[in-house]
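Owing to the predicted nature of the structure, the values given are computational and were not obtained by experimental measurement. All residue numbers in this chain count up from 1 along the given sequence.
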Amino acid sequence: MREFGALLRLSWPIAVTQVTQMSMGVMDTVMASRLGPVEVSGVQLGGALFWPVLLLLSGVAMALTPSVSQLRGSGRTDQIAEVARQTLWIMLGMGLLLVAFIRNVEPLYLYFGVDPAAAEVAVAYLSALSFGVVQFMMYFSLRYLCDGMSWTKPAMIIALIAVSLKLPLNVLFIYGAFGLPGLGGVGCGYSSALVMTAQLISMVLVVTKGRIAHLGVFYGFSRPRFGEMLRIFKLGLPIGAGISLEMAVFSVTTILVAKLGVLPLNAHAIAASISSIAFMLPLALGMGATIRVGFFAGAHEFEQARRAVRVALMSAFVVAVVLLTVLAVFRYPIASLYTPVPEVVSLGASLLLLVALYQLVDDVQIVAVGALRGFKDTRTPMFVSIIAYWLIGLPLGIFMAFGYEGAPLAMLGLDWTLNVPANGVQGLWWGLVVGLIVAAAALLARVRYLMNSPQKIIEMSKR
């Protein structure tokens, strides 16, 4: 119970932070939609390109959480400031690269034949957004520094302040006020850039004036040390890659659902929306597990680390059972909140049953990922994502969604016929569920192996 209390104190602010951060994107979509389909399409097109790349690059900064947790657990807090400064150098460089990318995306939209009017809004939106990108990347470094120090509330408070700033800034830049002209969807980019800047300034004040000020992150200067930066990069890049791979599977699934028609696409949108909301609490538990496991691994308190893993996994399972029950019992009322169309409600409710099953597995696997990160094992989740989602789940989902009839291994001289009936959007979700089951089994096996291999944990902590 003591371990559960410690995990909960770390996790609930993270959950609030994630939901609040997500709500700002929803705010942009809702407010831009009032200006017409072109404006909202432009904002969505820009976001569809920006956020996956941002998650890939900012994932490198997540290496700070287990690194700082292990340094803190081993009593080497005097080394934390240097690791944080080197991560800031990495984020500065990556932020500038991301700015260069999003300021030159117009040829990409032209290549894919995107509607010219929507593409024009998207290009201008990304150009406006670029003024806050470097600040946002550096904010991530300081946020994950605080997380590694078991201090997760500052990010929550800053996110709540940010969303309170976002609304009036959106009104000002999208619609115009106080004599300033409205900029439409492009205004979302400028408001986001200002919010990102405010988040960095707030986090700098937290780090220099708050309870971790003794670390002295900004009380000294460190030139870039490429050996240390490479170590952080090698630890963090698989985290960003794993997040992006999982996100990309959903993007590809949505594109495939679009081929099935408008009704399945609407039902899929309901299922994906509920799934993303339900995912926030187990995601927070997984991030909390990274902090707790990292601390005990750094201190070489392996029995405590095992206890932290067990408590986090049991907590995730309980959350998953509760969510499964709620989704199964209230699937029709939940689906009807999104649309009054009976056919969409019926299909959406049937998908929510699959979402419930999906959540049961997903909640456990994301905590297993968090525990592995605490041990500084960031490569295993990435490789598992590639195999489970891209080589098993997605192909299986395509087979089940669109059906198949023929001899799949004819080139090997095997003429047996495979006949898979088309199951539509439900087939794609079954593919996601099976991929997650494979991922969860592999990740839990890896966690079990590490929990029984103290020497391996010691070796990994040197990364």
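Contact record, S244 with L55: OG-C, 4.1 Å, taken as the closest heavy-atom pair. When every heavy atom of V121 is checked against every heavy atom of V43, the shortest pair comes out as CG1-N, 4.3 Å. In plain terms, the two heavy atoms of L235 and S67 that are nearest each other are CD2-OG, 3.4 Å. For the residue pair L323 and A278, the shortest heavy atom distance occurs at CD1-O, 3.7 Å. Nearest heavy-atom pair, L57 versus M91, reported as atom, atom and distance to 0.1 Å: O-CE, 3.7 Å. Nearest approach of C188 to I174, heavy atoms of both residues: SG-CD1, 3.4 Å.
R143 has a carboxylate O that lies under 4.0 Å from a charged side-chain N of D147, or vice versa, which qualifies the two as a salt bridge. A salt bridge links D28 and K166; the closest N-O separation between the charged side-chain nitrogens and carboxylate oxygens is under 4.0 Å.
Using modelled atom types, one side-chain atom of T290 and one backbone atom of G370 make a donor-acceptor pair closer than 3.5 Å. The closest donor-acceptor contact from the side chain of S385 to the backbone of P381 lies under 3.5 Å. Not one N or O on the side chain of S273 forms a donor-acceptor pair closer than 3.5 Å with the backbone of A269. In this structure, Q18 contributes its side chain and P13 its backbone to no donor-acceptor pair below 3.5 Å. Judged purely by atom type and a 3.5 angstrom limit, S130 uses its side chain to pair as donor or acceptor with the backbone of S127. Side-chain N or O atoms of Y175 include one that pairs as donor or acceptor with a backbone N or O of M31 at under 3.5 Å. Checked by atom type and distance alone, the side chain of Y219 pairs as donor or acceptor with a backbone atom of T208 at under 3.5 Å. Of the possible donor and acceptor atoms, one in the side chain of S69 sits under 3.5 Å from a partner among the backbone N and O of G148. Here the side chain of S23 pairs a donor or acceptor atom with the backbone of T20 at under 3.5 angstrom. Judged by distance alone, the side chain of W390 and the main-chain N or O of L245 form a donor-acceptor pair under 3.5 Å.
S276 OG to M22 CE: the interatomic distance, rounded to the nearest 0.5 Å, is 5.0 Å. Atoms CG and CG, on L88 and L92 in that order, are 8.5 Å from each other to the nearest 0.5 Å. Note: I291 CD1 to F295 CZ = 12.0 Å, rounded to the nearest 0.5 Å. F375 CZ to M460 CE: the interatomic distance, rounded to the nearest 0.5 Å, is 9.0 Å. Taken to the nearest 0.5 Å, the CG atom of L394 stands 7.5 Å off from the CG atom of L432. The CH2 atom of W89 lies 8.0 Å from the CE atom of M138; values are rounded to the nearest 0.5 Å.
Crowding of R310 atom CZ: a count of heavy atoms from other residues, nucleotides or ligands under 6.0 Å exceeding 12. Annotation for E3: atom CD counts as buried by contact number, over 12 foreign heavy atoms lying within 6.0 Å. Within 6.0 Å of the CZ atom in F218, the count of heavy atoms belonging to other residues, nucleotides or ligands exceeds 12. Counted within 6.0 Å of CZ on F279, heavy atoms from surrounding residues, nucleotides or ligands total more than 12; the atom is thus considered enclosed. By the neighbour-count criterion of 12 heavy atoms within 6.0 Å, atom CD of E228 is densely surrounded, having more than that number from other residues, nucleotides or ligands.
Side-chain contact between M137 and S58: present, with at least one pair of heavy atoms (C-beta onward) separated by less than 4.5 Å. Between W151 and V206, the closest side-chain pair of non-hydrogen atoms falls below 4.5 Å. You'll find the side chain of V133 stays beyond 4.5 Å of the side chain of L96, heavy atoms only. Side-chain contact check for L10 versus R292: some heavy-atom pair is nearer than 4.5 Å. Between H300 and P454 the shortest side-chain heavy-atom distance does not fall below 4.5 Å. Looking at L98 and F50, their side chains come closer than 4.5 Å, going by heavy atoms from C-beta outward. By the 4.5 Å heavy-atom criterion applied to side chains, V105 and F101 are counted as neighbours. Annotation: side chain of D377 is in contact with side chain of R446 (closest heavy-atom distance under 4.5 Å).
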side-chain contact (heavy atoms from CB on, under 4.5 Å), that's the test. Do L313 and V364 meet it? Break it down for me. CA-CA 6 Å; L313 287 171; V364 174; 4.0 Å; yes

In sequence, state the C-alpha distance, the side-chain angles, and the governing distance for L49 and V53, and then conclude on side-chain contact (heavy atoms from CB on, under 4.5 Å). CA-CA 7 Å; L49 199 63; V53 180; 5.6 Å; no

Residues F140, L64; criterion side-chain contact (heavy atoms from CB on, under 4.5 Å); working and verdict: CA-CA 10 Å; F140 280 120; L64 258 181; over 6 Å; no

Under the side chain to side chain donor-acceptor pair (under 3.5 Å) rule, what do T197 and Q135 come out as? Steps first, then yes or no, please. CA-CA 6 Å; T197 303; Q135 297 94 302; 2.9 Å; yes

Determine, step by step, whether V447 and V309 satisfy the side-chain contact (heavy atoms from CB on, under 4.5 Å) criterion, reporting the C-alpha distance in whole Å, the side-chain angles of both residues, the deciding distance to 0.1 Å, and the verdict. CA-CA 8 Å; V447 168; V309 172; 3.6 Å; yes

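Side chain to side chain, T378 and R373 fail the donor-acceptor criterion of an N or O pair below 3.5 Å. With no hydrogens or angles considered, a side-chain donor-acceptor pair links S222 and R85 at under 3.5 Å. In this structure, a donor-acceptor pair under 3.5 Å is absent between the side chains of D362 and Q359. A donor and an acceptor atom, one from each side chain of R9 and S150, are nowhere located under 3.5 Å apart.
Between F136 and W51, the ring planes are perpendicular. Angles over 60° get that label, and only those under 30° would be called parallel.
Here R225 pairs with E82 under the salt bridge (Lys or Arg N to Asp or Glu O under 4.0 Å) rule; sequence neighbours left out. The salt bridge (Lys or Arg N to Asp or Glu O under 4.0 Å) search around R306 returns E303, not counting sequence neighbours.
Exactly one of V355, L327, L354 qualifies for a side-chain contact (heavy atoms from CB on, under 4.5 Å) with S275. That residue is V355.
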